[in-house]
Colleague: 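Okay, here's the structure, questions in a sec.
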Amino acid sequence: MNQNSSFVEFRNVQKSYDGKTLVVKDFNLSITRGEFVTMLGPSGSGKTTCLMMLAGFETATYGDILLDGQPINKVPPQKRGIGMVFQNYALFPHMTVAENLAFPLEVRKLGRNVIKQKIGNALEMVELGELANRRPAQLSGGQKQRVALARALVFEPKLVLMDEPLGALDKNLREQMQYEIKRIHENLGVTMVYVTHDQSEALTMSDRIAVFNDGIVQQLASPATLYEEPENAFVASFIGENNRFSGTVKSLDSDRCIVTLDDDDCNIRALPINITGHGSRAILSLRPERVVIDPEEGSLPNIFKVRAEGVTYLGDHIRCSVNFGQRHQFIIKIPNSEQHPVLKPGSDFRIGWAGRDCRAFNA
Amino acid sequence: MNEMVARTDTLNTLTADAREFEGKALRAQLARSTRLEKAKALLLVLPLLLFIGVMFIFPLADMMLRSTDNGPVAELMPDTAARLLDWDQFTLPDEATYAALARDIQTAQKERTLGKIATRLNFELSGIRSLLTKSARKLAQMESSDESWKQRLVQIDQRWGELATWSAIKRVLPSVTATFYLSSLDLAYDAKGEVVRKPPERAIYVDNFIKTFAISLGVTLSCFILGFPVAYLLSVLPTAKANLLMICVLLPFWTSLLVRTTSWIALLQTHGIVNDLLVWLGILSEGNRLDMMYNMFGTVVAMTHILLPFMILPLFSVMKSIDPSFMRAATSLGASPFTAFIRVYLPQTKPGIAAGSLLVFILAIGYYITPALVGGRTGQMISNFIAYHMQQSLNWGLAAALAVILLIIVLILYWLFNRIIGIDKLKLG
């Protein structure tokens, strides 16, 4: 077995439910052994459909899905040996926790002692040893989640799929479970494919993230790359917070361009990503935290006068929306450091940013 | 030190008392605050409560009393009743009793109450009705003579010289009787007043209870076998199609029971559509037409059709609430679709199966009209006998006793059901 070859592979996969529109259009993805890959996207973007095709609950209308080099399009779900955690946990309500965990082992006809030992190990892994005889209805949301996870792992699948598993949990528990899942992933070295619409969850946990929109993978990259170097306007706006302007390209170099904004004749220097040429339409994207307050004259290519409109205190940072030319709702984030500038609504000040921090995409 | 401990103890008891007092006060407060709500709720259910009280509980209680009520004989034959009170039942009664009987018969004849006496006594010993009317007629014609009343009565009919006649009269004198229950269980008193089994040719009720039980079980089973797949289909179809199918399921409710039952007759009788079709197709020869109507088979088929919705609806409501992800989870864990169905899906439908079966079985066990129409001779159920005794033989006591036994059987079933499955797990839709 070649370690470098891909473990899971989608090749030109398409899916249509009604025979008219494609929910998934030409999906390609290759996942290596032990990787944690997240499919991230708004609802209806096709990410869950892709997961269901991998699990075997949906059939691809075109293309191949390969697991360990073997095409699995025609393999029924129970023969694929893929563990799965469902959004609503899908714990069998008429069985105890231990019986739920025993289920995949019993259908594999393992010996009673082996089953007992494996259940013990699995419960220990999710720290629920004392709840073996409870029924799902007697568990809290977080406990159910752990049991579902343990059940998907207890038969030692090489691949585990998770369909928005933390969606029903409250914020604190969700964060705790994110680390828990990450820890288990690292300990077991199992390959995980995770579906979520929560970008912070995706950024925290994943080795790589596939951003879905409109049935197409918009970008497949590591969390840092996605955030720092989005490849198109959708990824830039979907991941993290953004200030967006639209305008026309006035001049274009290989690493620099000037865009004239639509509503006033303000010129902004930006980094061209996929700009096609002079005179084309462009969308500019600027992260709020990359905006510098009161820069020295001439120290940055883009410096503008603004007026503060609303200031919101958010604990770790301060969020300020400013009036920039004709545009309202221009967002700045100021970290809550010791000497952070005090902004008051109505006060005038200057802001600026570096050309490479403002990314220009083809509109 | 000890003093200290003692003081803390008293303190503790004090606070405990205070707490208890506070608890009581709180309860009282709660009761006050919810009193109005409770009164409103009571007002809402009051009409139904009254209706149930008057229309259900009262007749039910009346029926139960009637099943042990011995009837008016003791009042209508007061002298005989008084004389027979300490009769030993081993020898024929004395002359005074015969005299009292003759007097009572003559009085009853005059006051036109003899019919009532005769009817009641006839349930104890058949033929006693004619004996009484004959005696009354002869006594009226008889001139006074020196013969004792005993001689005269035995002359009129020698049955007056038999112990069985007298013990039958004695049995109807106490205010309560077990006769009707004994009859319901194919038992009777013999001449000596001992309980014995009825001869096989007259024992019908126990067999019929068993048959009623078997028919109900058969109907429940057929409803389950036919209804389960339909309920499953209903639960997985998209709403528009499911609604259409649901209308088909409910259609039987919208047509007259009588029409539906008669249409089964048209279908299944010897010269009905099914038989005609089979003969026409050459599957059956003209002489071998199937008997599908006016027997147990016809009863089971027609009742299954009528009771099917009562199985489908609870099943459907339970299946609707089973998330499809359970089956997906089971297959993702390695179970074949069959194993997943047996081990994951089926157990979750248990409350629906239980509710549907209980409903169908209890409705079936007391069913009347369908067996009456299509049951013929072998497809009659216990309700048909109850109706017969209410309307034809006018033996209301026996009808009541049969009904009470049926009620007890249903209650026992209900109790068993509650023990095994738990009534709180029922889901009726």
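So that the names make sense, note that chain A is the first sequence line, chain B the second, and so on, each numbered from 1.
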Colleague: Is a donor on one side and an acceptor on the other found under 3.5 Å between the side chain of A/H94 and the backbone of B/R343?
Modeller: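 Flag set: sc A/H94 to bb B/R343 pair under 3.5 Å.
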Colleague: Decide yes or no for B/L333 and A/V107: does some side-chain heavy atom of the first lie under 4.5 Å from some side-chain heavy atom of the second?
Modeller: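 No. Closest side-chain heavy atoms not under 4.5 Å.
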Colleague: Quick one: does B/V344's side chain get under 4.5 Å of A/F103's, heavy atoms only?
Modeller: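 In contact.
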Colleague: Is it the case that more than 12 heavy atoms not belonging to A/K158 sit under 6.0 Å from its NZ atom?
Modeller: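 No.
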Colleague: Rounded to the nearest 0.5 Å, what separates atom CD in A/Q87 from atom OG in B/S325?
Modeller: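 So the gap between those two atoms works out to 9.5 Å.
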Colleague: Closest approach of A/F92 and B/F326, non-hydrogen atoms and distance?
Modeller: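 Taking every non-hydrogen atom into account, CE2-O, 3.5 Å.
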Colleague: Just wondering, more than 12 heavy atoms not from B/F341 lying within 6.0 Å of its CZ?
Modeller: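 Enclosed.
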Colleague: Would you check if B/Q348 and A/P93 make a side-chain contact, meaning some heavy-atom pair closer than 4.5 Å?
Modeller: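 Yes, side chains in contact.
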Colleague: A/L91 versus chain B, heavy atoms under 4.5 Å apart: side chain, backbone, both or neither?
Modeller: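 Contact with chain B is through the backbone of A/L91 alone.
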Colleague: Does OH belonging to B/Y368 count more than 12 external heavy atoms closer than 6.0 Å?
Modeller: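 No.
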Colleague: Rounded to the nearest 0.5 Å, how far does CZ of A/R151 lie from OG of B/S332?
Modeller: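 Going from the OG atom of B/S332 to the CZ atom of A/R151 covers 7.0 Å.
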Colleague: Roughly how far, to the nearest 0.5 Å, is CD of A/Q78 from CZ of B/F338?
Modeller: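 It is 13.5 Å, given to the nearest 0.5 Å.
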Colleague: Side chains of A/M84 and B/R328: does their closest heavy-atom pair fall under 4.5 Å?
Modeller: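 No, every pair of side-chain atoms sits at 4.5 Å or beyond.
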Colleague: Around A/H185, counting heavy atoms of other residues, nucleotides and ligands shown, do more than 12 lie under 6.0 Å from its NE2?
Modeller: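 Yes, because the 6.0 Å sphere around NE2 of A/H185 holds more than 12 heavy atoms from other groups.
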Colleague: For A/E127, does the CD atom sit with more than 12 other heavy atoms under 6.0 Å from it, leaving out its own atoms?
Modeller: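 Buried by this count: over 12 neighbours within 6.0 Å.
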Colleague: Looking at B/Y345, I want to see if its OH is surrounded by more than 12 non-hydrogen atoms of other residues, nucleotides or ligands under 6.0 Å.
Modeller: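 Yes, OH of B/Y345 has more than 12 neighbouring heavy atoms, counting only those of other groups under 6.0 Å.
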Colleague: State, with a plain yes or no, whether a side-chain heavy atom of A/F57 is found less than 4.5 Å away from one of B/T331.
Modeller: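 In contact.
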Colleague: Given a strict heavy-atom distance threshold of 4.5 Å, which part of A/R80 is in contact with chain B: side chain, backbone, both, or neither?
Modeller: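 For A/R80, no heavy atom lies under 4.5 Å from chain B.
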